[in-house]
There are 2 protein chains.
Amino acid sequence: MVTISDVARAAGVSSATVSRVVNGKGKVGDACRARVQKIIQELGYKPNSSSQAFLHRQTMNVGLITPKISMEFFGNLAAGAEVAARANGYSLLICNSLYEEESEMAAIESLHGKGCESILMHSDYLTDKQLIELSERYKGLVFINRYIPKIANRCVWFDNVASSAQIVDLLASQGHKHIAVATSIYQNRDPQQRLLGVRQGFMMQGLNFNEKLLAESTANLEGGKACARELLQSGESFSAVIAYNDLMAVGVVHELVKNGYQVPQQVSVVGFDDSALCKACIPTLSTIKYPIEEMANYAAKLAIDLAKDTATPENKTHLFTPALIERDSVAPAPV
Amino acid sequence: MVTISDVARAAGVSSATVSRVVNGKGKVGDACRARVQKIIQELGYKPNSSSQAFLHRQTMNVGLITPKISMEFFGNLAAGAEVAARANGYSLLICNSLYEEESEMAAIESLHGKGCESILMHSDYLTDKQLIELSERYKGLVFINRYIPKIANRCVWFDNVASSAQIVDLLASQGHKHIAVATSIYQNRDPQQRLLGVRQGFMMQGLNFNEKLLAESTANLEGGKACARELLQSGESFSAVIAYNDLMAVGVVHELVKNGYQVPQQVSVVGFDDSALCKACIPTLSTIKYPIEEMANYAAKLAIDLAKDTATPENKTHLFTPALIERDSVAPAPV
DNA sequence: CTGTTAGCGCATTCAA
DNA sequence: TTGAATGCGCTAACAG
């Protein structure tokens, strides 16, 4: 490894001068600078980043904590964060929390111990209180897909409520009155809010929400199928289904088709997320675009900025709004 | 930040002793050890990892270079690598190369500059020669989904040829004789090998490969559709399609269905990868399981081991073999 | 404009 | 068994 002293010796100057040339700080004579730069080229000198990290107490790494990077949603999140990190001279250090409170906490400790001054976190299990406490300890900590009023300026989140309401609007505009819902059995934040949005949408449209048309199951393909079965067995009639996410929506479609229903001619189905699946199923799925990649990009930059000493606590939050993607799974209500 | 000297002072010992206690090396008196440990607890001392990285010249980070972490395949890759890294006390530093030769090279430089002693790479654009040269410079460098005989012990790869041959066997066993292929228009490694495997499979089965039933397009949903159109227009009859990957397979299904064909009753379709899509389409897709997560886990461990000074160059390579997943997209050939 | 010096936190000498 | 001293590579403060 070639060090700053090697360069200094070869150039016949002091290491401080080399440092000045490398960092472009301080005054250096033109001739001297040229000579040093030449030597740097020849020797292929690169500053040792570990040394710099040690000295400056910052590793130039952004930590990312998500449940499971192999899930499409979190993959997109990571991709957005990576781009923002790199654009700012940082790298991305990832940590899977695997959906456990304990490991979410451990991940923060680990990342902070590794010298990550900025951390971007998708927390599913820590409470608002815990996150507020953590924010006091770690200034570069940002939460994505979460909103906590007390620390609003660290929250980059998405308007689940408005999104769902928008879905109801779409269906209502197509004449649907009997609308079923397939939600997640784990009624934590996202499912709750989306369901709330649906109820709000109904109210705004002057529709009555039929509680018998509310089915719950796991938030995956099988869960979607289960919900559809439950809805069909309820005996209530419906012309549309709003699913918690795309995967459930596809499950609903599968089960409906299996039972001889035509989608969307007889039943319309709407998903949530705009995952890759939407374009790959038949019919293609109308859904809400969750701009997670864009949000993560924004959030990573925010985490970097907040970690800086110069950061001034802003009194604003970071809310992203929905876009409806219309494809082929929604048709006018049959008469 | 509490340092080793803080602990030393509080415990009334030297920092060397604290270091010995922390690392469990060297002799320390029992009473002394107990006292130091107590202070460490009280003060919440944690060794500064940046300092250690600087001192030991290793950051305990594994670098990962893939084209795009948001793609399912690479997401699974990252997940496997992260688990292996963490299990060995390392973290995972990710770098998107975005499918460019230049950025693949830049990513290695960047990661190495960041002090990553181990790097796991999915290279699409660098040549064998380039990778061989790189291996000489970086001992902890491992390639995934690539096989280069000269550096076989750094290659963790998958038997594409055998996989495709296995698909042919499956179809032949169901009586299919007129089998079409939808391959990628970019005929680099994977597509070439998979196509080769198909040809081999045909030979082994004593079947004749009809070149008119070979369609090429982009390796995505649209490409699959395009291939199906091409095949239908060729005028040749076929009862099965082998697609380059799952996405193309689903595209083929879409186009066939659109043109009034029944899958699998009239035409069977097989994919490759076993992506999440397979279970979410109708009919569910028979495919080859590409165990990328398992492979990445293995490869990350390998990269960590190779980076160690004690690593002895083994004379073996790391080949993973296929498993056929049978679902609903394959049926006996119509008579 | 340039050189000298000191020190970041730690682990490893070498002495005692 | 313990302590003192040293240096990793770099930058910032201070001198000149």
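Side chains are part of it too, since the values below use all heavy atoms of this structure and drop only hydrogens, waters and symmetry mates. The sequence lines fix the lettering, A, B, ..., with proteins before strands; numbering per chain opens at 1.
Taking 4.0 angstrom as the limit, B:Q52 places none of its side-chain polar atoms (N or O) nearer than this to OP1 or OP2 of C:dG9. In this structure, B:S19 does not reach the C:dC10 phosphate: none of its side-chain N or O atoms is under 4.0 Å from OP1 or OP2. The shortest distance between the side-chain N/O atoms of A:S15 and the OP1/OP2 oxygens of D:dC10 is not below 4.0 Å.
Contact annotation for A:V13: backbone-only contact, meaning every heavy-atom pair under 4.0 Å involves sugar-phosphate atoms and none involves a base.
Listed for the B:S70 side chain is no donor-acceptor partner under 3.5 Å among the backbone atoms of A:N76. Using modelled atom types, one side-chain atom of B:R189 and one backbone atom of B:D124 make a donor-acceptor pair closer than 3.5 Å. Judged purely by atom type and a 3.5 angstrom limit, A:E117 uses its side chain to pair as donor or acceptor with the backbone of A:T59.
Few gaps surround CG on B:N23; more than 12 heavy atoms of other groups in view lie less than 6.0 Å from it.
When distances run from any side-chain atom of A:S14 to the nucleotides C:dT4, D:dT11, D:dT2, the shortest one goes to C:dT4. Checking D:dT2, D:dA4, D:dT1 against every side-chain atom of B:K27, the shortest atom distance belongs to D:dT1.
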Shorter than 3.5 Å, N or O on both sides, protein versus nucleotides 6-9 of chain D: list them out with atom names.
{"unit_1": "D:dC8", "atom_1": "O3'", "unit_2": "B:R57", "atom_2": "NH2", "d": "2.6"}
{"unit_1": "D:dG9", "atom_1": "OP1", "unit_2": "B:R57", "atom_2": "NH2", "d": "2.7"}
{"unit_1": "D:dG9", "atom_1": "N3", "unit_2": "A:S51", "atom_2": "OG", "d": "3.2"}

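By the side-chain contact (heavy atoms from CB on, under 4.5 Å) test, A:V28 is found to be paired with A:T17, A:R20, A:V21, A:C32, A:R33, residues two or more places apart in sequence or in another chain being considered.
A distance below 6.0 Å separates the ring centres of B:Y298 and B:F320.
What separates CG of A:N23 from P of D:dC10 is a distance of 10 Å, to the nearest Å.
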